[in-house]
Amino acid sequence: MSLVDLRSDTVTRPTPGMRRAMAEAEVGDDVYAEDPTVTALEERVAALFGHEAGLFVPSGTMGNQIGMRLVCEPGQEVLSDADAHVVTYEMGAAAAIFGISTRTVVSSGGRLDAQQLIDQVRPKDNWHLTATAAIAVENTHNRGGGLVQPLGELQELWDWSRDADVAVHLDGARIWNASVASGVELATYGRLADTASVCFSKGLGTPVGSVLVASAERVATARLWRKRLGGGMRQVGVLAAACRYALDHHLPRLGEDHEHAQLLAKRLGVDPSSVETNMVVLDDVPAPVIAEAAKAQGVLVSQVSPRRIRLVTHLDVGRAGIDRAADVLSELLAR
Ligand SMILES: *Cc1c(COP(=O)(O)O)cnc(C)c1O
């Protein structure tokens, strides 16, 4: 029995086509900025998001952390949602590595409320207060169940931030899903951020890789930080080729994952309107019991808390797998 693994969209394996693209990649030493495949990817992604430059980094965590460091000095703070990936899953890196302080606001399920964040910003010229240098926004919001941030709120935050001298960092690990679901262009999202990190190893299905986009000047500084963090890589055109392949072949199919999430929601009694992209959240369920029983039947799900299960659709689970997961889980939930 083959497993239906819905724990995360990170579990995908490179397809035969992607592996061929990797094998055939033209490469060079990227620490010398001489890997043509990496350079081309950085330029392509920067253009997609309306930024001057991009930097290939091994992980979304490194993209986020360098991105925040570019717009926040040690001893200043980054403000974010309390459930943001940057403060939940990145091991306190901003503090541990950069001396950056973070402060959070509890939002309504991760949904961006620009005014709520703006109200919490502390000025840079007051010697009593920790200065808020930047605000980090996550789109789609992971712990928010893959929700797409409202464009109006992003725009309001951006417009306010220009006069306020506060930077905006976008954690766009799944910005692709946001764009596909909302129809908002990637460049529109990109232009509402000073720095943005986007991932290839989630719904786009590469083994590794993220790109940080920003101004050319900031990306030059980011290159130094990447090296300092041990993220300087050599002939990684093999990895950038996987990302190029993903843009060509996997980005156009992301809508299928969203349709699969809708199917699961309908079969499992979840309000389909609460499912905006590729995640389905089952609330008020005995998570360990359901997860164990589902696993025994070959369906893997993720336990976010003792009462919450998360299902994430992705390119390695086709319609047949979705139907099987729905059969197994609906039967367990009815017990
Ligand atoms: C996965 C993810 C990241 C990056 O995580 P890495 O494991 O470091 O690649 C960043 N932000 C969000 C919202 C994510 O889901």
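In listed order, ligands and their atoms are each counted from 1.
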Minimum heavy-atom distance between V148 and E276, given as atom pair plus value: N-OE1, 2.9 Å
Ligand 1-proximal atoms of H141, by part, heavy-atom distance under 4.0 Å: neither
Region of D171 that comes within reach of ligand 1 [heavy atoms, distance under 4.0 Å]: side chain
Sub-4.0 Å atoms of ligand 1 with respect to non-hydrogen atoms of G60: 4 (C), 6 (P), 8 (O), 9 (O)
Donor-acceptor pair between H141 and Q149 side chains, under 3.5 angstrom: no
Side chain, backbone, both or neither: the part of N64 lying under 4.0 Å from ligand 1 by heavy atom: side chain
Polar atom proximity, E90 to ligand 1 (N or O, under 3.5 Å): no
Which segment of E138 sits under 4.0 Å of ligand 1 when only heavy atoms are counted: side chain
Geometric N/O contact K202 with ligand 1, under 3.5 angstrom: yes
Residues R226 and D30 bridged, charged N to O under 4.0 Å: yes
Pair listing, salt bridge (charged side-chain N to carboxylate O under 4.0 Å, His left out) test, anchored in residues 123-142, at least two apart: K124-D165
Protein heavy atom at shortest distance from atom 8 (O) of ligand 1: T61 OG1, 2.5 Å
N or O contact, T140 vs ligand 1, cut-off under 3.5 Å: no
Carboxylate-amine/guanidinium proximity below 4.0 Å for R143 and D81: no
Ring geometry between F200 and W176 (parallel below 30°, tilted from 30 to 60°, perpendicular above 60°): tilted
M62 heavy atom under 4.0 Å from ligand 1: no
Residue list, ring pair (Phe, Tyr, Trp, His ring centres under 6.0 Å) with Y245, at least two apart or on another chain: H249, H250
